[in-house]
Amino acid sequence: VICTADEWGIRSHGVARLRFYCEMLIQKRINPVARPHIVKSRPSLVLVDGDNGLGMLVGSFSNAIAIERAKETGIGWVHVINSNHFGIAGYYAVQGLKDNLIGIAMTNTPPLVAPFGGIERRLGTNPISMAFPAYKEPPVVIDLATSAISLGAVENSDREDDEVPPCCLIDASGAPSTTPRDLLEGGSLLPLGGARATGGHKGYCLASMVDLMCGVFPGASWGPFVPPFINQAPILENKVGRGIGHVFGAISTGAFEDPLVVQSRVDEWIYTMRNTKVSEWAGEVLVPGDPERRAAEDNARNGLALEVNVAEDLRRLGQEFGLKLEI
Ligand SMILES: NC(=O)c1ccc[n+]([C@@H]2O[C@H](COP(=O)([O-])OP(=O)(O)OC[C@H]3O[C@@H](n4cnc5c(N)ncnc54)[C@H](O)[C@@H]3O)[C@@H](O)[C@H]2O)c1
């Protein structure tokens, strides 16, 4: 999953994070011998307990169930409790494309985002992904955090001594800020949209939707009680719910008619989006998934350059585990 993130150009979720997962495993904050299992099962609706396992392992296990049920019944919908950080949501949503399935993945995440109008962290960056198979065109892959900016982007700006755009974060006192340090020192991200005029309240609604579906409904932790990633904060004593929650969905494009007919309509949709007058600043109209696919093509052609500090960290990590990194 983390290699796919790098391949798609989502460096913030790539191998740079391998150390954090290893540390969580070593400290047994993640169960290294987890056995994710089904606890409730209806024909197309399933509840999985992740046994506090690695989010990627639990996610792949649960997403495969959604895919299998969708092939049998037309739709598969899996709620997951007691899991951990699963990486990029898009990885899971694209897994059913080859079987003519629309894929859905979402997760709640540790608190970093203030609810609209609030000045304290109450929600995660709670990403949602949906992938639609096309016929002749590449698939449409939507994969977004529901915060105005991702934590990874703020960390990148901090490393580069840069500012973040306005309306993305507030400092610990609630004052608007463009200084990345203000987030890292107790501030909050704003929900997608940022201000009222630009729909910040709707970003709050989207993040709430993910948290209610992933945490509150199935019984995982939710809101400020979602367990933190290792570099963020200690584990909360007053545990509410069980671990991080995810949702995986898969819907057969052949549920109502020939899947190729549906997928040809997705092609038409893509052509219609692209074939439009373009503003000067944009230069072109993209379809969701284009930037990541272009990055993947470019990386496949030219190789993937790791930042020096990431390569050094991987080398050190390898040494700690008696592995040699051949780069
Ligand atoms: N597991 C976690 O805790 C967690 C939390 C937050 C985010 N994430 C992941 O971080 C990643 C990055 O999230 P993000 O919100 O920063 O993504 P982003 O802003 O880079 O992209 C969001 C979406 O917009 C599309 N897009 C980008 N430019 C476009 C354009 N010009 N026209 C049309 N579509 C365009 C992309 O294809 C993508 O689907 C995602 O993979 C997400 O799943 C994970």
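Counting starts at 1 for both ligands and their atoms, following the listed order. Nothing fancy with the numbering, it's 1 onward along the sequence.
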Q: Heavy atoms under 4.0 Å from ligand 1: which residues qualify?
A: Ile10, His13, His85, Phe86, Gly87, Ile88, Ala89, Thr107, Thr109, Thr125, Pro127, Val141, Ile142, Asp143, Leu144, Ala145, Ser150, Leu286, Pro288, Gly289, Pro291, Glu292
Q: Could you walk me through whether Ser157 and Val164 pass the side chain to side chain contact (heavy atoms under 4.5 Å, CB included) test, one step at a time?
A: CA-CA 7 Å; Ser157 302; Val164 297; 3.6 Å; yes
Q: Should Ser252 and Leu101 count as side-chain neighbours, where that means a heavy-atom distance under 4.5 Å?
A: yes
Q: Only counting residues at least two apart or in another chain, list the ones meeting salt bridge (Lys or Arg N to Asp or Glu O under 4.0 Å) with Glu320.
A: Arg19
Q: With sequence neighbours excluded, give me every salt bridge (Lys or Arg N to Asp or Glu O under 4.0 Å) pair touching residues 83-105.
A: Lys71-Asp99
Q: Under the 4.5 Å side-chain heavy-atom rule for ILVMFWY, direct or indirect, which residues accompany Ile75?
A: Leu45, Trp77, Ile102, Ile104, Met106, Ile128, Met130, Phe132, Val140, Ile142, Leu144, Leu192, Leu206, Met209, Val210, Met213, Val247, Ile251, Val266, Trp269, Ile270, Met273, Val287
Q: Ignoring hydrogens and geometry beyond distance, is a side-chain donor-acceptor pair present between Arg69 and Ser41 at under 3.5 Å?
A: yes
